Each structure stands twice: as structure tokens, then as C-alpha cells.
Amino acid sequence: MIEFKNVTKGYDKNKSDALKNVSLFIDKGEFVFLVGRSGAGKSTFIKLLLREIEATEGSVYINNFNVSKLSKKEIPFLRRKMGIVFQDFRLLENKSVYENVAYAMEIIGKSEKQIQKRVPLALDMVGLSHRMNHYPHELSGGEQQRVVIARAIINNPSILICDEPTGNLDPETSYEIISILEEINRRGTTVVVVTHDREIVDTMKKRVLTLEDGILKVDDATGRYGYEV
Amino acid sequence: MRQVGTAMKFSSIKTMPRNVVRDTMKSIERNNLMSAASVLSVIAALIILGIFLILTINVQEVTKDVESKLELKIFLQSDFTDTQKETIEQALEKSDLIENVTFESAEEALEKFTVSLEDYAPLLSGYNSENNPMPASFVVRVTDPEDMDEVQTLAMSFEGEGVEYVRYGQEYVEALVSFNKFTNTLSIVVLVVLSMISIFIIYNTIKLTVFARRREIGIMKYVGATNAYIRAPFILEGTLLGLMGAIVAFLIIRITYYYILGLVGGNLFLPVDASLASPDAVMGQLIFFFLLYGGFIGAVGSVFAIRKFLDV
């Protein structure tokens, strides 16, 4: 569950705010696209969710918790409730596929036994079991993105946030990635996909939030790309 | 959320050492050149510090030894009265600068002198209690040799009222006390300056490590690693570098110190009868200090180095 209540975020007093009085509600288990041009406030939206930055005004709630009120020490535990998929993958080059995914479990202190049990399951889910011992540079872009997704869901987050997950991929691979995200969503995880990919958004017929110059312009439940290019 | 968080924290501390030790070893290996430079700088700093420390410990030991032998003698007039003696004695005993006071009568002084000149006994045989040339005196031990001067002033206030004159190794005590102060101050200055240099070099080494792994740190932060978890391998790395330097520096100093002691053969060329601190005790203090110091500057350097990169 994600809720923004009249959120405004400004970085610089002399420039216009990156987000202007945005209110929205994303329920548990929803699949939502967030679209908008560069500079519309999409990155700010994600950074607010991760508590990388704090709202200038208004509050952000995740699973009924006011994120703005978390202390610095609690931030890591907030992030453990969320899986994150980046456009540029951010895999560790010197670790194998298996190690990259296992790493996310090591960090939060899971036992070796749990890791050995869960990592193959996650890799199976994204269809990469056969690539377990390969290194990132040996994989295609689509395969790397699947590793990132496996890493993002390995700790069973309640929310999966994807920042331009198909931005570096060809259309066919993009659909594969999106269908994996759909499958994850079907198992109960809330999925938020920030994207430019008009075709995917129109095909998927999911809820679409459109940001324009920091304002939430359209909230369309039937799934149409909210602005004309 | 808080409760879940605490439970996770405990389990993450439990499994931390495995990953941390592995990552740290990899990192020291990867940065072998800078790591070696850090260890060398710690070695250099600690050798210089060690020399000063040994000097300070020994000067302190010699000073203590000499001080314990120091006494102040208040010689009385040959015609002092019992009332005068008691007044002086009471005044001395009341002063809290003084550890103890003993009275030495003219007879006792003559006896002592006779004993010390045993071989020349005939020279003194003409003297007896009737024509005793020795003055009676108070032998005073002060609590702190720096107060010798004040005690002398106190005793001299009775000059003419029983006290003839006061004597102690004034110049010698002053020189020793000020030399002791000098070496103490110098050691502290050297300690501070060299610490800053070593911390700075370790800081730079760890910063390279942190920089090389900044992507990894970023990913760790997004996956929900705590700052303590991220920091641990870097602090361990810095501490290990400091400890390595400390151990090598200690071995070099130990070998050199015993070698020099063997050459000198315990002869200190000092004008007084005083002994150096026991070498084993000095080395014991040194290794304790070195390990503490090496580990400390390593850890401090690392904490500074990583601080900036933790804000994501």
C-alpha cells in the first residue's frame, strides 16, 4: 500500500517544485504504471518512496507507515519491504548470478541454508536457472534485468518498484520482462512500473498515473498512456 | 515495522562475520599497494613514537628512582633549645608537603659519620659527646620533589630560631624534574602529530577502497543494509592495517632495543646511581600501547573515509 497525501517536493527555492501537491493511493496487490516526460517528477516519486529524500510538504505512507517520520536508523528496514529494479541493472560484476541474488539475503542476515533454498527458486521464477553460475558480462541485457528482478523479490517485499525496467531492452525482451512483473504481481506483490514505453502501457491495460510538470495529471484505471507525445 | 526491524538486526549481526571477513581480505588484496603504504606509514610512525615512549618510560623511571632517594636536611644551630626543636618539628609535621620527618641528634650524626669512615676511625677518635663538631638535623622526605623549594622556605623561616641552614640537591632536582616534564611534553606532541599523519594516510587508503566499492555500497543501501553492516568491512580493514603496522614496528623496536642494551651493558653514563626500567616491562607496555594505538588510528581513519559515502 502506497499513499501520497498532498506531497510537494522542491529541491531549489528558485526553481519550480519537482512534485506539486500530489495525492494518490495505490492499494496492496495493484499493478500501476507511472508515466511522464523527463523532468515530470518520476524520479522524485521513487526517491520519496525509498526515503532517499524527504517531502517538503505533505506525507508519504507505505503499508500505513508515515515514511517521513522514520529515523535514519529505520530507513534500511523500510527498504527491506521494497524490491527495486533499475534501468541500468546495478549488478555486481565480480559476483556470479547466484551470488548477486544471494547477496541481498546475506545483507539482511539470512542463513546459508535459507539462501541455498530460496535463490534457485527466485532464479527459476525469472527463468534463469541455467545461468546461475554465469557472470553479468556474459549475459544479455534482458537476462541481466531478470537477475535484478530475482534480487529484488528474493526477500519477499510487499512492494516492487521498477524504474524504467525496459529502458535498455528491445521490444520483445521488454514484453518478457513485463510478463515476469505481471506474474510477480499475480502472487500478491504491489508493482509500480515507471516507464516511457507507451506501447507496453497501452497493451497491458493497467492503471496509469501520469505526471506532468510535477502535477498528477491523469489517473486512468483503464490503462491508456496519459499524454500525447 | 520496528519490531520486525529489531529481529532482523540481530540475525544480521549473527551472520555478519562470514561476509565481512571475506570482503575485507579481498579488499586488502585488491589494494595491495596502498595497503602496504598504509602499513609502512604506521610502522614509521610507531617506530618514532616507540623511541619517544621508551625514552619517556626510562626518564620517568630514573626520576622516580632518584626522587625516592632525595631528602632535605635542616641543620640546627649548635645551641638550639628543646622548645625551638619542638616548634620546628611541629611545623614540619603539620605541613602536607612532607612525607616524614626524622630527627638526627648530634651524637647519632657523629656515630653515622664514624661508621661511614670506618677505615679512618683514628681520625675521629678524638671526638666525643663533649666536643662533637656535628650539628643535629631534621631529615625530611617530601611527597613531591617539586615542593622541595617550598619546604626549604618553610624551614628557613626558623633561621636563627634554631635552624642554621638547609641543604638539598637543588639544581640537580630541578634539572631532573624539568627534563622529565620536557620529555613528557615532547612525547605528547610527537604522538599527536604522528597520529594525525597516520590517520590521514589510512583515511586515504580506505577512501580508495570505499571508492572502488561505491557501486556496491549504493546497491547495499537500496537492498536495505544497515550503515553498521556497510561500515564493518571498511573499519575491519583499517583496523587490520593499523594492527599489522603495530606488530612489525614492535618487532623492529624490540630487536633494536635489546641489541643496544647489550652494547651498552647497563652503563647509563649518568652522574647518579639509578637504574633503567626493566626492558621486559618496557616491552610489555610498548606492545600493549602499539596494538591499541594501531587499531585505534586504523578504525578512526576508516570511519572518516566512509562517512561521506553512507548518505544515500
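This is a predicted model, so every value here is computed, not measured. Each chain gets a letter, A, B and so on, in the order its sequence line appears, and its residues count up from 1.
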Non-hydrogen atoms of I107(A) and G224(B) that approach each other most closely: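 Taking I107(A) first and G224(B) second, the nearest heavy atoms are CG2-C, 4.3 Å.
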Least distance between heavy atoms, Y222(B) atom then I84(A) atom: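 Y222(B) and I84(A) have their closest heavy atoms at O-CD1, 3.4 Å.
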Interatomic spacing from NZ in K221(B) to CD1 in I75(A) - rounded to 0.5 Å: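 CD1 of I75(A) is found 7.0 Å from NZ of K221(B).
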Interatomic spacing from CD1 in I219(B) to CZ in F89(A) - rounded to 0.5 Å: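 Nearest 0.5 Å value for the CD1-CZ distance: 12.5 Å.
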Is the number of heavy atoms from other residues, nucleotides or ligands under 6.0 Å of [X] [atom1] greater than 12?
X       : atom1 : answer
F296(B) : CZ    : no
F200(B) : CZ    : no
F211(B) : CZ    : no
F25(A)  : CZ    : yes
F289(B) : CZ    : yes

Verdict with reasoning, N227(B) to K72(A), per side chain to side chain contact (heavy atoms under 4.5 Å, CB included): CA-CA 10 Å; N227(B) 279 354; K72(A) 264 202 158 158; 5.8 Å; no
Under a 4.5 Å heavy-atom cut-off, does chain B meet the side chain of [X], its backbone, both or neither?
X      : result
K47(A) : neither
N94(A) : side chain
I53(A) : neither

Under 3.5 Å donor-acceptor, R79(A) side chain and V223(B) backbone: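 Looks like no, no N/O pair under 3.5 Å.
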R90(A) (side chain) donor-acceptor with G218(B) (main chain) under 3.5 angstrom: no
Within-4.5 Å side-chain heavy-atom neighbours: Y103(A) and M220(B):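 Yes; the side chains approach each other to less than 4.5 Å.
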Side chain proximity check, R80(A) to T226(B), heavy atoms < 4.5 angstrom: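 When only atoms from C-beta onward are counted, T226(B) and R80(A) do touch, with a gap below 4.5 Å.
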